[in-house]
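Read the structure below first, then the notes.
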Amino acid sequence: MEDFEKQLFDIYVEDYRIDSACYKMMGMMLEEERISKRIELHNIESVYIYGGGYLGVQLYNALVKKAKVKAIVDINGGLSVDVNGIRTITFEDLKKEYTGEKVIITPVKYYQTIKDSLMKFIDEDRILFLGEFLEGIV
Amino acid sequence: MIYVVLVDLFSKGYAGIKKKILAQIRVFSEEFGNVYYTTYSGQMMYLLLNGKVLEKGLAITNKERNNLVLYWVKKYNIKKAYVRYDLSDIWFVQFLVSLKEQCKMVLEFPTIPYDGTLSNRRLKLEDAHYREQLCQHVECCTTYSNDEKVFGIPSISLLNGVDPDEHPLKKSKIDENIVLIAVASMAKWHGYERVIEGLAVYYANGGKQKVIFRLIGEGPETDKYRHLIERYNLQEYVKILGCLEGDKLNQQYNEADIAIGSLGLYKIGLTEGSPIKSGEYCIRGIPFVYGYRDNGFLGKEKYLLNVSNDDTPLEINKVIQFYNNLKRESSYMQEMRKVAIEKYAWTSILKPVVTYFSNM
């Protein structure tokens with residue numbers, strides 16, 4: 001395999017794995033019992049969801065009756081899904097209003113970049129990845 | 001030392017395997033000091049020590065997952081690695097190449113052969129291709145079969161060990177019913193449909209002795225068993241109790257007369273093995289029925305009933321006769337426990353592995 005093909009192969013693999021992970025997490029968010037249990041395990045009372053894509057909105061729907069979702073945070077300050085009634089804020093807004101809540105990061109591809117940005121004003125132990133929230137070690 | 005697990009050690013289906021791995025880690029700790037271990041869940045790779053998470057990182061691809069392990073091996077200056085095998089792919093082979101540069105390594109094959117357990121065509125193809133390369137990079141492996149080599153790698157044969165403190169001797173019971181018990185993750189190789197079908201035949205032929213079958217645990221075959229119970233109208237005699245632990249599980253063991261080991265290994269092309277469950281049944285003093293060659297036993301022991309490794313219904317009359325003969329002897333439970341304690345202590349089982357690591 002040439003270098004270019006290897007590189008392309010790696011990208012295909014990464015995209016495939018991201019799609020598989022998203023599909024799995026989408027499914028898990030439909031399991032009400034799991035969500036209630038995980039909220040309890042992570043000791044979540046109020047939370048911000050980072051990412052206004054499908055995963056973020058699905059997570060909002062899974063959490064909204066069980067915990068206080070303060071807002072969905074998105075770099076563009078909006079949702080990429082056409083849904084009404086969800087409070088959305090920008091990263092800058094979060095910086096201003098954040099008071100120690102947990103933040104769940106939903107975008108898989110940009111997790112590390114988002115986490116690094118959040119860690120400038122949020123303790124690491126308050127930041128969770130969605131997969132970690134759903135099935136990681138507590 | 002590091003014990004590398006590349007799958008989710010904390011998931012429901014891994015409860016028994018987790019216990020086994022932690023017991024192995026205890027033995028390695030006694031010999032080599034700190035033993036770090038890894039697990040992968042929720043797309044996160046974790047490094048743990050003594051049950052506490054030391055490090056974690058998002059790892060979407062196998063390559064990222066493996067790279068995190070290599071990074072931690074370097075960071076914590078780890079020189080010995082015991083790797084629990086999952087499946088082979090190009091990244092796993094590359095991982096072993098890099099790991100070997102930093103550590104003395106042993107690869108454990110939990111099941112051999114395992115082709116029958118794979119249903120995904122891509123995984124099957126990928127694994128079959130890349131596992132042939134393992135022998136170029138691994139000098140020692142362990143397995144629970146009697147194979148001298150696995151994929152060309154010299155192998156140390158192990159038994160699955162059992163912790164006596166976690167598995168107390170079963171208490172005697174008084175009632176006349178014969179209670180069969182199966183504690184498992186209800187996978188296809190357990191083959192418990194053979195017991196349900198055997199009971200259907202037994203009761204259809206007017207079986208007088210009441211025989212009850214209790215299934216403990218949950219898994220992919222549970223629904224199939226549920227349908228069979230309904231189809232044969234065996235609700236009074238066969239109960240699915242779900243996952244039980246601690247006192248509730250001990251209670252079920254105390255009420256049981258005979259345990260049922262794997263009866264469906266033929267489905268995954270296996271004829272022999274050393275399942276964790278046979279050691280656990282033995283250490284609790286519960287005679288058991290199984291359908292394969294168990295590497296932990298001769299097969300002639302009076303407290304074992306070895307049946308065929310195929311899809312025929314279990315002959316319940318044979319089981320009753322076996323139990324009636326056995327219960328005339330009052331000391332069989334103590335004898336089973338004594339044998340199990342001698343045979344299934346992880347310290348003695350892992351001795352050859354410890355010796356291998358010590359010769360550095």
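In this text, all values refer to a predicted model and were calculated from it rather than measured experimentally. Proteins come first, then strands; the chains are lettered A, B, ... in the order of their sequence lines, and each starts at number 1.
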Best-contacting candidate, Asp8(B), Asn62(B), Leu9(B), against chain A by heavy atom pairs under 4.5 angstrom: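 Ranked by contacts with chain A, first place is Asn62(B).
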Pair Lys56(B) + Glu132(A): basic N to acidic O under 4.0 Å: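 Result for this pair is yes, salt bridge flagged.
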Heavy-atom neighbours of [X] [atom1] exceed 12 at 6.0 Å:
X: Lys66(A); atom1: NZ; answer: yes
X: Glu40(A); atom1: CD; answer: no
X: Ile75(A); atom1: CD1; answer: no
X: Arg121(B); atom1: CZ; answer: no
X: Lys80(B); atom1: NZ; answer: yes
X: Gln7(A); atom1: CD; answer: no
X: Glu32(A); atom1: CD; answer: no
X: Lys100(B); atom1: NZ; answer: yes

Chain B contact via Met28(A) - side chain, backbone, both or neither, heavy atoms under 4.5 Å: neither
Engaged part of Leu134(A) at the chain B interface, taking heavy atoms whose separation is under 4.5 Å: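 Neither part, no heavy atoms under 4.5 Å.
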Test log, rule side chain to side chain contact (heavy atoms under 4.5 Å, CB included), inputs Met25(A) and Gln43(B): CA-CA 10 Å; Met25(A) 291 188 289; Gln43(B) 294 82 45; 3.4 Å; yes
Residues Trp91(B), Asp10(A); criterion side chain to side chain contact (heavy atoms under 4.5 Å, CB included); working and verdict: CA-CA 11 Å; Trp91(B) 302 284; Asp10(A) 277 350; 4.1 Å; yes
Nearest heavy-atom neighbours spanning Glu135(A) and Ser41(B):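 Smallest interatomic distance, heavy atoms only, reads O-OG, 3.4 Å.
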Which atom of Thr61(B) lies closest to which atom of Glu14(A), heavy atoms considered: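 Closest approach of Thr61(B) to Glu14(A): CG2-CA, 3.7 Å.
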Note, Ile60(B) side chain near Tyr16(A) side chain (heavy atom, < 4.5 Å):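 No, side chains not in contact.
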Gap between atom CE of Met44(B) and atom CG of Leu130(A) - 0.5 Å precision: 11.0 Å
Region of Ser11(B) that comes under 4.5 Å of a non-hydrogen atom in chain A: neither
Sorted by number, residues from residues 89-114 of chain A in contact with chain B (heavy atoms, under 4.5 Å):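 Result: Val108(A), Tyr111(A).
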Residues that Lys18(B) engages under side-chain hydrogen bond (donor to acceptor under 3.5 Å, both in side chains), provided they are two or more places apart: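 Here no residue qualifies.
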Leu48(B)/Ile137(A) under side chain to side chain contact (heavy atoms under 4.5 Å, CB included): CA gap, chis, key distance, verdict: CA-CA 10 Å; Leu48(B) 297 100; Ile137(A) 300 175; 4.1 Å; yes
